[in-house]
S.K.: 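Here it is, the structure in full.
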Amino acid sequence: MSEHETSQETNINELKKVRLEKLEELREMGINPFGSRYIRDTDTAAILQNYTALEGQKVSLAGRIMSKRRHGKAGFANLQDLTGNIQLYFKKDDIGEEKYELFKKMDIGDILGIKGFVFRTQKGEITVHVEDMQYLAKSLHPLPEKWHGLKDVELRYRQRYVDLIVNPEVRDVFIKRSRFIKALRNYLDDRGFLEVETPMMQPIAGGAAARPFITHHNALDMDLYLRIAPELYLKRLIVGGLEKVYEINRNFRNEGLSTRHNPEFTMLELYQAYGDWQDMMELAEDMISSVILKVNGSMQTEFEGKIIDFTPPWQRITMLEAINIHTGLDFTVLQTAQEAQAAAARLGLKVDAKSTRGEIINEVFEEYVEAHLVQPTFITGHPLEISPLAKKNAEHPEYTDRFELFIMQREIANAFSELNDPLDQQERFMKQVEKRAQGDSEAHMMDEDYINALEYGMPPAGGMGIGIDRLIMLITNSPSIRDVILFPTLRSRE
RNA sequence: GGGCCAUUAGCUCAAUCAGGCAGAGCAGCUGACUCUUAAUCAGAAGGUUACAGGUUCGAUUCCUGUAUGGCCCA
């Protein structure tokens, strides 16, 4: 193993050696290969956009050399910065012998500051005629191929910095991600929501059904969980009178990885006092569609060859109706767990013998309905047993005032009227604790302090969680969640 | 956790099916070229075929295990 590595290192060193020698040559010429602050007065996109005004004008810009074409005593290169890419022209007669030597030594990947004037070549390409150049950083590694870029997904994730240099569409995804999240914040801020930060490290991991990561605080000699959701803390703030709060940040769930799951992922959660699940539905529809319109310039996006139309209103359908449509099963007449069990068996679905009617409804839904939900669809009326933090429906207390939003077969949002009856909440927790005792490691833990908070009185409230990464996948046509997370979780090498 | 697939030069890929000297393009190196743009032309170089074993006269190729990644399933 180590033998293999040393041989690989020697190979890399042969390429790196040449660059280290060039670096030494620069130093001998009195040039610092790793320069400092450089003042730019423009960028590549601005030059291309304002050519008529800038023609013949002097400009100062900086960036990374991405290609080089030498022709004896003149040559071209391309310089890339955040905004794009522009051609540079070096002519020995104009730039002088010494600077022209620098151009000859310059490697693809080097970062330079450039001063020169803007012109158009005979072939019509807007170009900067270089009059002065300054080394800002010497690159010691060769960049991946200019034409095919970096394709090896493992390398792209492990060395995202290289991916970002050579694959411009990757950079665009993360710029769009940032704009999307900023637009969400603006939307909520404009409507009087207060952005807050609640604990990432929690003594009790609550607010969702998931296995948590465990860590340890030395000074307190106490185990802590990385949060699986901020929900119970945000609702404590509703008790405290903050009325409209939201948080956009990471949750951590100790589960397998897939194209839709990363152990740390970004959620938006928001709570609105004196509102309910219907308000959340209106908010979800308006917020998501208007933010997508703002960021994408259209209510339609293409994902894996299908057009998703975010134009409101979105379809609203109860979970039982959806099941009836896609399986023919009518759970309104299947009133007992035994009947539900038998019906599921007829579909060919194996369910745990201990499952309740509500749990079976959920399993049938996940198995036979989710795959049909492509366009934005609100699924409403979830069974009580799978909704331990939601208010019961006033008329049908075996269901809750809740919805989930599905798009492209994925759960994107989850919202409900928040349960504010501390006695009811205590009972629900007790049921979860029983399930936990029976080995369900995803069941909720008892949170006495949360009950205590509810006992002070929490106003009725609507609350919602939105999976940001999955939404970003949809608007950037990214098939894997790893394509929208800068540094996705990977097994460490060695 | 299970199944399937992949791993060859710094990068992108051939050769693997059916065992017989491991090849190309880009990048790098040497040289020519003062408006090129996947620049061009000439030349030389670059490999423990992921790792460890096995079968064989001979293994990148077949077999076993390991590592990492991908897809599907849980």
Side-chain angles (χ1 to χ4, degrees), chain A residues 1-23 25 48 64-80 85-97 99-100 103-110 116 118-130 138-159 162-163 165-167 211 254-262 304 349-352 363 366-367 371 409 441-442 479-483 488-494:
Chain A
M1 197 64 177
S2 62
E3 220 176 298
H4 161 64
E5 272 177 8
T6 47
S7 87
Q8 221 175 32
E9 270 171 33
T10 28
N11 297 332
I12 292 165
N13 280 347
E14 281 171 25
L15 289 160
K16 202 167 154 186
K17 208 178 113 193
V18 177
R19 297 205 173 201
L20 285 169
E21 281 166 8
K22 288 182 181 174
L23 185 139
E25 284 166 24
L48 297 177
R64 191 183 293 274
I65 298 298
M66 297 304 288
S67 65
K68 196 176 147 186
R69 299 171 291 281
R70 236 162 54 68
H71 301 270
K73 297 181 182 62
F76 295 87
N78 277 80
L79 183 93
Q80 172 174 292
N85 187 300
I86 200 164
Q87 181 168 261
L88 306 176
Y89 180 54
F90 296 81
K91 191 175 176 184
K92 190 176 184 180
D93 292 348
D94 292 346
I95 198 173
E97 192 133 350
K99 290 270 157 78
Y100 195 73
F103 167 66
K104 290 208 289 195
K105 277 195 214 314
M106 174 176 96
D107 280 307
I108 289 167
D110 289 356
V118 180
F119 77 111
R120 215 186 260 277
T121 63
Q122 286 170 8
K123 296 269 169 66
E125 180 159 349
I126 297 166
T127 302
V128 175
H129 189 124
V130 179
K138 178 75 194 161
S139 174
L140 299 178
H141 289 296
L143 284 181
E145 216 224 5
K146 60 182 170 187
W147 195 239
H148 299 95
L150 181 65
K151 287 191 170 172
D152 183 319
V153 288
E154 188 179 349
L155 270 181
R156 287 186 43 222
Y157 298 149
R158 285 192 197 279
Q159 301 186 31
V162 181
D163 192 28
I165 292 169
V166 298
N167 295 329
R211 289 171 59 194
N254 205 340
E255 52 199 23
L257 293 80
S258 79
T259 50
R260 299 177 191 192
H261 298 87
N262 195 65
E304 291 182 339
L349 183 67
K350 282 182 193 156
V351 292
D352 195 294
E363 285 188 46
E366 286 182 357
E367 185 67 26
Q409 310 163 337
S441 58
E442 293 190 349
S480 170
I481 196 169
R482 289 182 282 264
D483 294 326
T489 305
L490 294 176
R491 206 180 289 270
S492 67
R493 284 196 132 159
E494 234 86 30

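Lettering of chains follows the sequences in order, A, B, ..., and the numbering in each one begins at 1.
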S.K.: B:U68 phosphate, OP1 or OP2: any side-chain N/O from A:R491 under 4.0 angstrom?
M.R.: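 True: A:R491 side-chain N/O within range (under 4.0 Å) of B:U68 OP1/OP2.
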S.K.: So what does A:F90 hit on the nucleic acid, given a heavy-atom distance under 4.0 Å: a base, only sugar-phosphate, or nothing?
M.R.: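 Result for A:F90 = nothing.
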S.K.: Which nucleotide, in any strand shown, forms a Watson-Crick or G-U wobble pair with B:A38, with both distances under 3.5 Å?
M.R.: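 Per the H-bond distance test, none.
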S.K.: Closest approach to the side chain of A:S480, judged atom by atom: which nucleotide of B:G28, B:U12, B:C71 is it?
M.R.: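 Between B:G28, B:U12, B:C71, the one nearest the side chain of A:S480 would be B:C71.
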S.K.: Which base, if any, makes a Watson-Crick or G-U wobble pair with B:A27, both distances under 3.5 Å?
M.R.: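 For B:A27, the partner nucleotide comes out as none, under the 3.5 Å rule.
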S.K.: What nucleotide among B:C35, B:A27, B:U34 has an atom nearest to a side-chain atom of A:P142?
M.R.: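 Among B:C35, B:A27, B:U34, the one nearest the side chain of A:P142 is B:A27.
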S.K.: At under 4.0 Å between heavy atoms, what does A:K22 touch on the DNA or RNA strands: base, sugar-phosphate, or nothing?
M.R.: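 If one applies the 4.0 Å heavy-atom cut-off, A:K22 turns out to touch the sugar-phosphate alone, with no base involved.
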S.K.: Between B:G69, B:U36, B:C11, spot the one nearest the side chain of A:F76, thanks.
M.R.: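 Closest of the options to the side chain of A:F76: B:U36.
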S.K.: For atom C1', what is the distance between B:U34 and B:A39, given to the nearest Å?
M.R.: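 Each nucleotide's C1' atom is 14 Å from the other's.
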S.K.: Out of B:G70, B:U36, B:G46, which has the shortest distance to the side chain of A:L490?
M.R.: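 Looking only at heavy atoms from C-beta outward on A:L490, the closest nucleotide is B:G70.
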S.K.: For B:U36, does either OP1 or OP2 sit under 4.0 Å from a side-chain N or O belonging to A:R69?
M.R.: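 Result: no.
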S.K.: Please state the P separation for the pair B:C35 and B:C29 - nearest whole angstrom.
M.R.: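 It works out to 22 Å between them.
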S.K.: Please determine, for the side chain of A:E125, which listed nucleotide (B:C35, B:G46, B:U36) has the closest atom?
M.R.: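 Of the candidates, B:U36 comes closest.
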S.K.: Would you mind telling me which of B:U12, B:G28, B:C35 lies closest to the side-chain atoms of A:K151?
M.R.: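 Taking heavy atoms from C-beta onward, the closest nucleotide is B:U12.
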S.K.: From the set B:C35, B:G70, B:A38, return the single nucleotide nearest to any side-chain atom of A:W147.
M.R.: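 Shortest atom-to-atom distance from the side chain points to B:A38.
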S.K.: Anything under 30° is parallel, anything over 60° is perpendicular, the rest tilted; go ahead and classify A:Y89 against A:F119.
M.R.: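 Because their plane-to-plane angle lies in the 30° to 60° range, the rings of A:Y89 and A:F119 count as tilted.
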S.K.: Give a yes or no answer on whether the side chain of A:Y100 reaches the backbone of A:A74 with a donor-acceptor pair at less than 3.5 Å.
M.R.: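 It does hold such a pair.
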S.K.: Ignoring the backbone of A:Y89, work out which of B:U36, B:C26, B:U34 is nearest its side chain.
M.R.: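 In terms of side-chain proximity for A:Y89, the closest of B:U36, B:C26, B:U34 is B:U34.
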S.K.: Using only atom types and a distance under 3.5 Å, with no angle test, would you say the side chain of A:D110 pairs donor to acceptor with the backbone of A:S139?
M.R.: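 Between the backbone of A:S139 and the side chain of A:D110 there is a qualifying donor-acceptor contact (under 3.5 Å).
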S.K.: Nearest whole Å is fine: how far is B:C35 P from A:F103 CZ?
M.R.: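 Spelled out: CZ on A:F103 to P on B:C35 is 12 Å.
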S.K.: Between A:I86 (CD1) and B:U37 (C1'), how many Å, whole number?
M.R.: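 A:I86 atom CD1 is separated from B:U37 atom C1' by 14 Å.
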S.K.: Please name the nucleotide paired to B:A9 by Watson-Crick or G-U wobble geometry with both distances under 3.5 Å, or report none.
M.R.: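 Matched B:A9 with nothing under the 3.5 Å cut-off.
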S.K.: Relative to the 5' end of RNA chain B, which residue comes earlier, A:L143 or A:R70, by the nucleotide with the nearest heavy atom?
M.R.: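 Closer to the 5' end of RNA chain B: A:L143.
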S.K.: Quick check: on RNA chain B, is the nucleotide nearest A:Q87 upstream (toward 5') of the one nearest A:R482, or the reverse? Name the residue that is more 5'.
M.R.: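 Its nearest nucleotide being more 5', the pick is A:Q87.
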S.K.: Between the side-chain atoms of A:E154 and the base atoms of B:U7, is any donor-acceptor pair under 3.5 Å?
M.R.: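 Absent.
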S.K.: Suppose we define a pair by two distances each less than 3.5 Å, Watson-Crick or G-U wobble; what does B:U49 pair with here?
M.R.: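 Check on B:U49: unpaired, no WC or wobble geometry under 3.5 Å.
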S.K.: B:U34 P sits how many Å from A:K104 NZ, rounded?
M.R.: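 Atom NZ in A:K104 sits about 11 Å away from atom P in B:U34.
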S.K.: Determine: side-chain N/O of A:K146 to OP1/OP2 of B:U12, distance under 4.0 Å, yes or no.
M.R.: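 Result: no.
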S.K.: Select one nucleotide: of B:U36, B:G28, B:C11, the one nearest the side-chain heavy atoms of A:I108.
M.R.: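 For A:I108, the side-chain atoms sit closest to B:G28.
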S.K.: Counting C-beta onward and ignoring hydrogens, is there a side-chain heavy-atom pair between A:R64 and A:M66 closer than 4.5 Å?
M.R.: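 Contact flag for A:R64/A:M66 side chains = yes.
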S.K.: Roughly how far apart, to the nearest Å, are B:G70 and B:A50 at atom C1'?
M.R.: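 Their C1' atoms lie roughly 15 Å apart.
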S.K.: How would you label the contact of A:S67 with the nucleic acid (heavy atoms, under 4.0 Å): base, sugar-phosphate, or nothing?
M.R.: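 Nothing: the residue A:S67, judged by heavy atoms under 4.0 Å, touches no strand.
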S.K.: Please work out if A:D93 contacts a base, only the sugar-phosphate, or nothing of the nucleic acid, heavy-atom cut-off 4.0 Å.
M.R.: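 Counting heavy atoms under 4.0 Å across all strands, the contact made by A:D93 includes a base.
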S.K.: Would you classify A:G75 as touching base, sugar-phosphate or nothing, given that sugar-phosphate means primed atoms plus P, OP1 and OP2, and contacts are heavy atoms under 4.0 Å?
M.R.: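 Since no nucleic acid heavy atom lies under 4.0 Å of A:G75, the category is nothing.
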S.K.: Do A:V162 and A:R156 make a side-chain contact, defined as non-hydrogen atoms from C-beta onward lying under 4.5 Å apart?
M.R.: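 Contact flag for A:V162/A:R156 side chains = no.
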S.K.: Expressed as a whole number of angstroms, how long is the span from A:R211:CZ to B:G1:P?
M.R.: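 Atom-to-atom, A:R211 to B:G1, this comes out as 11 Å.
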S.K.: What is the distance from CD of A:E366 to P of B:C73, rounded to the nearest Å?
M.R.: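 For the pair A:E366 CD and B:C73 P, the rounded distance is 14 Å.
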S.K.: What is the distance, rounded to the nearest whole Å, between atom CG of A:L140 and atom P of B:G28?
M.R.: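 Result: 15 Å.
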S.K.: Figure out the NZ/C1' separation between A:K16 and B:C29, and round it to whole Å.
M.R.: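 Distance check: A:K16 NZ to B:C29 C1' gives 19 Å.
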S.K.: If pairing requires Watson-Crick or G-U wobble contacts with both distances under 3.5 Å, which nucleotide is the partner of B:A44?
M.R.: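 Base partner found: none.
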S.K.: Just how far, in rounded Å, is C1' of B:A50 from CZ of A:R158?
M.R.: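 The distance from CZ of A:R158 to C1' of B:A50 comes to 13 Å, rounded to the nearest Å.
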S.K.: With both distances kept under 3.5 Å, what pairs with B:C17, Watson-Crick or G-U wobble?
M.R.: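 Because no pair has both required distances under 3.5 Å, B:C17 counts as unpaired.
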S.K.: What is the minimum heavy-atom distance between A:R158 and A:R491, and which atoms define it?
M.R.: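 Closest approach of A:R158 to A:R491, heavy atoms only: NH1-O, 2.9 Å.
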S.K.: Which base, if any, makes a Watson-Crick or G-U wobble pair with B:G1, both distances under 3.5 Å?
M.R.: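 When the pairing criteria are applied, B:C73 turns out to be the nucleotide that pairs with B:G1.
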S.K.: Is A:K68 positioned over the aromatic face of A:F103, cation under 6.0 angstrom from the ring centre and no more than 45 degrees off axis?
M.R.: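 A:K68 over A:F103 ring: yes.
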S.K.: Taking pairing as Watson-Crick or G-U wobble with both contacts under 3.5 Å, can you name the mate of B:A22, or confirm there isn't one?
M.R.: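 Check on B:A22: unpaired, no WC or wobble geometry under 3.5 Å.
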S.K.: Any heavy-atom pair between the side chains of A:P488 and A:I481 that's under 4.5 Å?
M.R.: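 Sidechains of A:P488 and A:I481: no contact.
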